[in-house]
Amino acid sequence: MNIILLGPPGAGKGTQARFLVEERGMTQLSTGDMLREAKDSGTEMGKVVAGVMARGELVTDEIVIGLIREKLEGEKGGGFIFDGFPRTLAQADALGELLNDCGEALDSVIEMQVDDEALVARITARSTCGNCGEVYNDNTKPVPADGKCTSCGELAEFKRRADDNEDSLKIRLMAYYKQTSPLIGYYHAKGNLNSVNGLGDMAEIKTAMSDILDK
Ligand code: ADP
Ligand code: ZN
C-alpha cells in the first residue's frame, strides 16, 4: 500500500508517518528529511537548497522529483508513505508516472487538517532529538530535565530547525496554500482523498488514519 500524507507544515505528518513505519513496516519517504540530509552532508545540492529551505520557500520540482525517483528505484517492500511530497501539481503528476513505471499504485491520500494558529504554536515550540528524531514541544512535551531522550534513552542534543521561526513559517504557510493545497482538489478528483482532523491527540489521529487505511 502506498499513501501520501498531505497537510501544512506542523500538521503532524512526520509523527504519524513514524507510527505507520513502526506498526505496518512501511517505508517513509520524506523529501524534507532527504533535503536536510543533503544539507548536513554538504553535498553540492545541499548547498544550493540550504538557503531556499531556511527562507521557507519550495525547492525546485526537478530536485525533489530526482530524490524520490532514486528512492523508488532503490527501495521496495512494505509500501511507501510519501511525507511532504508531492507539494506541487507538477510533482503530483511526476509521482503518478513514477509509480506507474514501477508497477505500483497510489492507494490513499490522507489530508491532515490543522488551523494556522495551532500550526504556528506547534512549530515555534518544536525541537527534536538529534539521535532518534523524537519530537518535543516546549508546552506540551518539554525536553527532559536530565537531557536524556524519553524515546531512545540517549543523552542527546535537542535541535531546532533553521526554518522553525515565525518569518520562515509565514512563507512556508503561504507556499502551502498557494502551491500545495490545489492537490486536495487534484486527489479528490482522482477519488483518492481522505481527510482527518489533525487537532486531536496523537492516538485519536492515529486511529482515524488506521480506519481509513483498513477500510
Ligand atoms: P514542513 O512540512 O514542516 O514545512 P518539511 O520537512 O517537509 O517541513 O520540508 C522542509 C522544507 O524542505 C520546505 O519548506 C521546502 O523548502 C523543502 N521541501 C521539502 N519537500 C519539498 C518538496 N516536495 N518540494 C519542494 N520543496 C520541498
Ligand atoms: Zn532520542
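Throughout, numbering of the chain's residues begins at 1 and tracks the sequence. For ligands, and for the atoms within them, numbers begin at 1 and follow the listed sequence. These numbers come from a predicted model, not from an experiment.
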At what distance, to the nearest 0.5 angstrom, does [atom1] of [X] lie from [atom2] of [Y]?
| X | Y | atom1 | atom2 | value |
| --- | --- | --- | --- | --- |
| F85 | L5 | CZ | CG | 13.5 Å |
| L119 | R172 | CG | CZ | 9.5 Å |
| Q91 | I68 | CD | CD1 | 8.5 Å |
| E57 | Q179 | CD | CD | 9.5 Å |
| I3 | Q16 | CD1 | CD | 10.0 Å |
| K13 | I81 | NZ | CD1 | 13.0 Å |

Query raised in the report: More than 12 non-hydrogen atoms from neighbouring residues, nucleotides or ligands closer than 6.0 Å to NZ on K141, yes or no?
Result: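 Count over threshold, so yes.
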Query - Minimum-distance pair of heavy atoms, taken over all atoms of G10 and R122 - result: O-NH1, 2.8 Å
**Report entry** Residues N131 and E154: side-chain donor-acceptor under 3.5 angstrom
**Finding:** no
Check ligand 1 against the protein and report each N/O to N/O distance under 3.5 Å, formatted as atom name, atom name, distance.
| residue | atom | partner | partner atom | Å |
| --- | --- | --- | --- | --- |
| ligand 1 | 2 (O) | K13 | NZ | 3.4 |
| ligand 1 | 2 (O) | R87 | NH2 | 3.1 |
| ligand 1 | 3 (O) | R172 | NH2 | 3.0 |
| ligand 1 | 4 (O) | R87 | NH2 | 3.3 |
| ligand 1 | 4 (O) | R172 | NE | 3.2 |
| ligand 1 | 4 (O) | R172 | NH2 | 3.1 |
| ligand 1 | 6 (O) | R36 | NH1 | 2.9 |
| ligand 1 | 6 (O) | R36 | NH2 | 2.8 |
| ligand 1 | 6 (O) | R161 | NH1 | 3.4 |
| ligand 1 | 7 (O) | R87 | NH1 | 3.3 |
| ligand 1 | 7 (O) | R87 | NH2 | 3.3 |
| ligand 1 | 8 (O) | R161 | NH2 | 3.1 |
| ligand 1 | 9 (O) | R87 | NH2 | 3.4 |
| ligand 1 | 16 (O) | E57 | O | 2.5 |
| ligand 1 | 20 (N) | T31 | OG1 | 2.8 |
| ligand 1 | 20 (N) | G84 | O | 3.4 |
| ligand 1 | 20 (N) | R87 | NH1 | 3.1 |
| ligand 1 | 23 (N) | T31 | OG1 | 3.4 |
| ligand 1 | 23 (N) | G84 | O | 3.0 |
| ligand 1 | 23 (N) | Q91 | OE1 | 2.9 |
| ligand 1 | 24 (N) | Q91 | NE2 | 2.9 |
| ligand 1 | 26 (N) | V59 | N | 3.0 |

Report task. Using 2.8 Å as the cut-off, count the protein N, O or S atoms closer than that to the Zn ion (ligand 2). Result ->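 For the Zn ion (ligand 2), protein nitrogen, oxygen or sulfur atoms under 2.8 Å: 4.
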